[in-house]
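As structure tokens, the structure follows; a few thoughts come after it.
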There are 2 protein chains.
Amino acid sequence: MKLQKETRRTDWPDKKRYDDACAAAHAMDLFGERWAMPVMRELLLGPRRFSGLKTSLNGISAKMLTERLEGLEAAGILVKKKLPPPASVQVYELTRWGYEAAPIFQAMGRWAVRSPRHDPGRPFSPVSLMLSLRTMFSADAAGDWAGRLQLRMHNEDYFWIRDQGEIAIGRGAIERPDVLLTGTPPAIASIVYGNRPLDDAIGAGDLAVEGDRSLIERLPACFPMPEKTSAPERPS
Amino acid sequence: MKLQKETRRTDWPDKKRYDDACAAAHAMDLFGERWAMPVMRELLLGPRRFSGLKTSLNGISAKMLTERLEGLEAAGILVKKKLPPPASVQVYELTRWGYEAAPIFQAMGRWAVRSPRHDPGRPFSPVSLMLSLRTMFSADAAGDWAGRLQLRMHNEDYFWIRDQGEIAIGRGAIERPDVLLTGTPPAIASIVYGNRPLDDAIGAGDLAVEGDRSLIERLPACFPMPEKTSAPERPS
DNA sequence: CTGTATCCGTGTTGATACTG
DNA sequence: CAGTATCAACACGGATACAG
């Protein structure tokens, strides 16, 4: 019948939304579309520009990025804003509520690293590496490790700090870093998560360390990878 | 060029997967497809049959359901199994790892109820109502409330128990319930979340209460709804 | 730099009918 | 009950070209 088609169109453009009271399903309506979640992830450490997002989001097209940014803004998850005159540049920033989605990313990350199909060797954006560090950090395993790391990836500065228990990560440079680590995200990941010898990475020119090298050497122990799920296992 | 097309096809059928080390992105690869997440949700309280899933997932087609079940099984999230002879019925059950995805649903639910667009008046499946109760329960707000509820929705039994602090939910009947509540999920939601007067629901025949009625009357106070996000708000 | 506009192949979906 | 088969509509995403 034609009526169906017509009502579909006029009802609302909710062809692909779950018409469900379940809030988790609603979350998928909000950021379940392709690329929406990675876009949010890239903004989790602060405002970014269009071009920065495009490069970080490996393979996204300008069209997609524009559409997702519009959609996420309409949903109230981010805002588009123009920086004041000296800079006068367009940036996208999460709203307060948008930032509050961070625990979802943590829960997903913690769970999905155990997937048999998960491969940490894929393209890694600086922001997602930083977020993964925060997620995978284990206070128990780290023991008394403390320090202030400055990380430089693709010529952008990020930091990672642990000072008795608490950890903090973010974009930008910090004062008095104990050590400066320069390299690509995959290179850094390979020594933190992939138990690649530090000398190997430095020797190959993938990584440069400036400052207290011992802090880096103790790093892998702070981020124990959980074992992957094995064969399909019944709950018990 | 044709080459592109050809390599695309042979490379792997990962046209729509994020080729990303970010584990959260990988989670979307695993259950970000349409209907995958609601299917998992319906299984979170125990094994279900094809027909049960189909009715609970408002509007899903048999084709979709089949495809998602296959995909989730291939991902190691659920298993298809046949119950022993007396029953001899096909059911789908989450693997242990599948069950461990529950915190993701909690985080998503907690966050998405605050969405300006979220509408608790939409179709509600029994399982998602039960999960929402567990998610939204506030120990502080509940104070000394304690009791054993038996809920009957669409002729299926579910329970909700709080005994000094701890809460438990599940499918099936319990012994010595303090009160039996019969009605549809939306009807129950309307009195718990929608501050509809209990007498109103009973009078309209939407709900039946058998047992300690005062427990039901104190229920809404145990599940305070967080305020929705208002206008786009900057982080601070 | 920050997008917009258009085109078009391809993939996905829901309806319907059918099978064991 | 538990799916499978087929099909047509349509939404999506990538490429390209272009504009402010």
Side-chain angles (χ1 to χ4, degrees), chain A residues 1-19 28-29 32-39 42 47-73 78-83 85-93, chain B residues 1-19 28-29 32-36 38-39 42 47-73 78 80-83 87-93:
Chain A
M1 298 215 328
K2 277 186 184 173
L3 259 184
Q4 266 213 337
K5 269 190 186 173
E6 284 167 10
T7 43
R8 274 266 177 66
R9 282 205 190 117
T10 53
D11 255 357
W12 240 89
D14 49 15
K15 175 81 175 296
K16 50 174 314 205
R17 306 190 174 271
Y18 301 112
D19 197 25
M28 292 301 280
D29 287 340
E33 289 177 307
R34 187 154 167 74
W35 288 111
M37 209 218 54
V39 167
E42 289 301 319
R48 303 282 301 272
R49 309 175 53 168
F50 190 89
S51 57
L53 291 170
K54 189 153 175 348
T55 10
S56 288
L57 270 6
N58 209 334
I60 194 174
S61 68
K63 183 188 178 187
M64 258 297 86
L65 182 51
T66 304
E67 286 177 9
R68 278 320 87 121
L69 289 170
E70 281 169 355
L72 292 170
E73 179 164 30
L78 60 79
V79 287
K80 178 181 188 169
K81 64 180 192 183
K82 190 173 221 104
L83 259 34
S88 265
V89 56
Q90 199 79 253
V91 294
Y92 296 88
E93 181 173 21
Chain B
M1 297 207 340
K2 279 185 184 172
L3 260 185
Q4 265 213 338
K5 270 190 187 173
E6 284 168 10
T7 44
R8 276 262 178 68
R9 284 207 188 114
T10 52
D11 256 356
W12 239 90
D14 49 15
K15 176 79 175 295
K16 52 173 314 206
R17 306 191 174 271
Y18 302 113
D19 197 24
M28 292 300 280
D29 287 341
E33 289 177 307
R34 188 154 167 75
W35 288 113
V39 167
E42 289 301 319
R48 303 281 302 271
R49 308 173 53 167
F50 190 91
S51 57
L53 291 170
K54 189 151 173 352
T55 11
S56 288
L57 299 167
N58 210 333
I60 194 175
S61 68
K63 183 188 177 187
M64 258 295 87
L65 182 51
T66 304
E67 286 176 11
R68 280 314 86 104
L69 290 170
E70 281 169 355
L72 292 170
E73 180 164 31
L78 60 79
K80 178 181 188 170
K81 63 179 190 183
K82 192 173 221 105
L83 259 32
S88 265
V89 54
Q90 198 81 251
V91 294
Y92 297 88
E93 181 174 20

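Throughout, protein chains are lettered first and strands after them, A, B, ... in sequence-line order, and every chain is numbered starting at 1. These numbers come from the heavy atoms of this one structure, side chains and all, not from hydrogens, waters or symmetry mates. Note that the structure is predicted; figures quoted are calculated from it, not measured.
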How long is the straight-line distance from [atom2] of [Y] back to [atom1] of [X], given to the nearest 0.5 Å?
X: B:M64; Y: B:R34; atom1: CE; atom2: CZ; answer: 8.5 Å
X: B:L57; Y: B:R48; atom1: CG; atom2: CZ; answer: 8.0 Å
X: B:R68; Y: B:E33; atom1: CZ; atom2: CD; answer: 4.0 Å
X: B:E67; Y: B:L69; atom1: CD; atom2: CG; answer: 10.5 Å

Value in whole Å for how far the [atom2] atom of [N] lies from [atom1] of [X]:
X: A:E33; N: C:dT12; atom1: CD; atom2: P; answer: 15 Å
X: B:L65; N: C:dT12; atom1: CG; atom2: C1'; answer: 16 Å
X: A:K81; N: C:dT2; atom1: NZ; atom2: C1'; answer: 18 Å
X: A:R17; N: D:dC12; atom1: CZ; atom2: C1'; answer: 15 Å
X: B:M64; N: C:dA15; atom1: CE; atom2: P; answer: 12 Å
X: B:L57; N: C:dG14; atom1: CG; atom2: P; answer: 12 Å
X: A:E67; N: D:dA11; atom1: CD; atom2: P; answer: 13 Å

Give each protein N/O atom lying under 3.5 Å from an N/O atom of nucleotides 1-3 of chain D, with the pair distance.
| residue | atom | partner | partner atom | Å |
| --- | --- | --- | --- | --- |
| D:dC1 | O3' | B:R49 | NH2 | 2.8 |
| D:dA2 | OP1 | B:R49 | NE | 2.9 |
| D:dA2 | OP1 | B:R49 | NH2 | 2.8 |
| D:dA2 | OP2 | B:S51 | N | 3.1 |
| D:dA2 | OP2 | B:S51 | OG | 2.8 |
| D:dG3 | OP1 | B:K80 | NZ | 3.2 |
| D:dG3 | OP1 | B:Y92 | OH | 3.4 |
| D:dG3 | OP2 | B:Y92 | OH | 2.7 |

Any A:R34 side-chain N or O less than 4.0 Å from OP1/OP2 of D:dA11: no
A:F50 and A:Y92 aromatic ring geometry - parallel, tilted or perpendicular at 30°/60° bounds: tilted
Test side-chain contact (heavy atoms from CB on, under 4.5 Å) applied to A:D29 and A:Y18, step by step: CA-CA 7 Å; A:D29 287 340; A:Y18 301 112; 3.4 Å; yes
Distance-only donor-acceptor test, B:K63 side-chain atoms vs C:dT13 base atoms, 3.5 Å: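 Flag set: donor-acceptor pair detected.
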Carboxylate-amine/guanidinium contact B:K80 B:E73, below 4.0 Å: no
Working for side-chain contact (heavy atoms from CB on, under 4.5 Å), residues B:M28 and A:M28: CA-CA 10 Å; B:M28 292 300 280; A:M28 292 301 280; 3.9 Å; yes
Bending between helix ends of the helix from C:dC1-D:dG20 to C:dG20-D:dC1 [5 pairs per end, 10° resolution]: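 Overall, the helix from C:dC1-D:dG20 to C:dG20-D:dC1 bends by 50° from one end axis to the other.
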Smallest separation among heavy atoms of A:K82 and A:Q90, with atom names: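 Smallest interatomic distance, heavy atoms only, reads NZ-NE2, 3.7 Å.
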